[in-house]
Amino acid sequence: MKSKGMVFMSLFLFIAVMMSGCGASDEKERQDTDRAASVSQESKTSDENAAVSTDGQDESADDTEKVSAGELEVCFGDKGNPFMLQLNDSDTAAAIARYVGTSDWRLPIYEDDEDADYDVMQYYDIPSSYDIPSKPEKVTSVKAGEVYYSDPNRIVLFYQDAGVSEEYTPVGHFDATDEFVEAVKNNPVLEGWGNKIVLITKP
């Protein structure tokens with residue numbers, strides 16, 4: 001009987017040890033699984049944040065690209081309504097915008113050139129102190145609202161469609177609405193000055 005008791009006791013201890021080992025193994029396996037799931041979630045969150053950051057950078061880059069050309073505000077006459085000149089992305093347009101940003105331009109409009117067709121265009125002379133780069137190209141037709149630079153230091157605005165044969169550097173364009181065309185045509189002669197003026201400012 002004593003021998004049988006010893007056998008049963010040994011068997012009981014062996015089973016207890018085995019069960020204890022299995023429990024520890026199960027607990028370790030569960031901890032490893034939880035740790036792996038946590039690492040996977042952190043990696044996923046990091047990837048999502050990186051994607052959001054990249055998207056934000058792309059949107060910012062797009063916005064920058066959209067506004068890089070810039071614009072200027074133009075009034076025909078001191079009390080005229082403002083119209084926006086959308087500038088091309090060029091050295092000529094950038095130089096004009098840079099100078100106007102430093103000091104507003106209030107330029108006279110001359111209409112005494114026998115070779116100019118004032119029914120479709122007008123021009124404004126810029127003081128020679130401004131150094132403006134240009135890259136002229138042959139222009140044979142223009143659309144209403146288009147603006148060009150002509151050497152030396154002259155801005156040319158077309159407010160009607162026209163056929164031409166000139167060497168111009170494109171600068172930008174206006175939205176040639178009826179209101180815009182009327183503002184250009186009906187710009188009053190400045191009292192005491194003898195000609196019209198155009199006011200160009202940086203918005």
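A ring-centre distance under 6.0 Å is found for F180 and F174.
Note on I155: it does not cluster hydrophobically with L199, by side-chain heavy-atom contacts below 4.5 Å among ILVMFWY residues. Criterion: ILVMFWY side-chain heavy atoms under 4.5 Å apart, direct or through other members. Under it, Y124 and Y130 are part of a common hydrophobic cluster. Linking Ile, Leu, Val, Met, Phe, Trp and Tyr whenever their side-chain heavy atoms come within less than 4.5 Å puts L87 and I132 in one cluster. In the hydrophobic clustering of ILVMFWY residues, with side-chain heavy atoms under 4.5 Å counting as a link, L85 and F83 come out together. Under a hydrophobic-cluster definition in which Ile, Leu, Val, Met, Phe, Trp and Tyr are linked whenever side-chain heavy atoms come within less than 4.5 Å, directly or via other members, Y99 and V147 are assigned to the same cluster.
With respect to the salt-bridge test (charged N to carboxylate O, under 4.0 angstrom), the residues K202 and E71 do not qualify. Between D78 and R106 a salt bridge is recorded (basic side-chain N to carboxylate O distance below 4.0 Å).
Side-chain atoms of T102 come within 3.5 Å of backbone atoms of R98 as a donor-acceptor pair (strictly under, hydrogens ignored). Side chain of D113 to main chain of D115: a donor-acceptor pair is present (N/O by atom type, distance under 3.5 Å, no hydrogens or angles). Counting only distance, with no hydrogens or angles, the side chain of T169 and the backbone of K135 share a donor-acceptor pair below 3.5 Å. One N or O on the side chain of N153 and one on the backbone of P127 form a donor-acceptor pair closer than 3.5 Å. A donor-acceptor pair under 3.5 Å is absent between the side-chain atoms of E182 and the main chain of E179, judged by distance alone.
Shown here is D178, whose CG atom has no more than 12 heavy atoms of other residues, nucleotides or ligands within 6.0 Å. Within 6.0 Å of the CG atom in D125, the count of heavy atoms belonging to other residues, nucleotides or ligands exceeds 12.
Going from atom CG of N195 over to atom CD1 of I109 covers 8.0 Å, rounded to the nearest 0.5 Å. To the nearest 0.5 Å, the span separating CD1 on I200 from CZ on F76 amounts to 8.5 Å. Annotation: the span from Q122 atom CD to K185 atom NZ amounts to 12.0 Å, rounded to 0.5 Å. With rounding to the nearest 0.5 angstrom, the OH atom of Y149 is 7.5 Å from the OG1 atom of T92. Note that OH of Y168 is 12.5 Å distant from CD of E137, once rounded to the nearest 0.5 Å.
Considering every non-hydrogen atom in both A93 and V171, the closest pair reads CB-O, 3.7 Å. The two residues A144 and A176 have their closest heavy-atom pair at O-CB, 3.4 Å. The two atoms that bring S134 and P136 nearest to each other are C-CD, 3.7 Å, heavy atoms only. V164 and S141 make their closest contact through CG2-N, 4.1 Å (heavy atoms, listed as atom of the first residue, atom of the second, distance). Between S90 and P170, the closest heavy-atom pair is OG-O, 4.1 Å.
The one candidate from V198, I96, L72, V74 that meets the side chain to side chain contact (heavy atoms under 4.5 Å, CB included) condition with W105 is I96.
Using cut-offs of 30° and 60° for the angle between ring planes, the Y148 and F158 rings count as perpendicular.
Looking only at atom types and distance, the side chain of T201 has no donor-acceptor partner in the side chain of D104 under 3.5 Å away.
Under the 4.5 Å side-chain criterion, counting only non-hydrogen atoms from C-beta, M121 is in contact with V156. Considering only heavy atoms from C-beta on, S165 comes within 4.5 Å of K138 through its side chain. At least one side-chain heavy atom of M84 sits under 4.5 Å from a side-chain heavy atom of P203. The shortest distance between side-chain heavy atoms of V181 and V184 does not fall below 4.5 Å.
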message: For a side-chain contact (heavy atoms from CB on, under 4.5 Å) check, start with the C-alpha distance between K196 and E111, then their side-chain angles and the critical distance, and finish with the verdict.
response: CA-CA 9 Å; K196 306 173 182 179; E111 295 183 339; 3.4 Å; yes

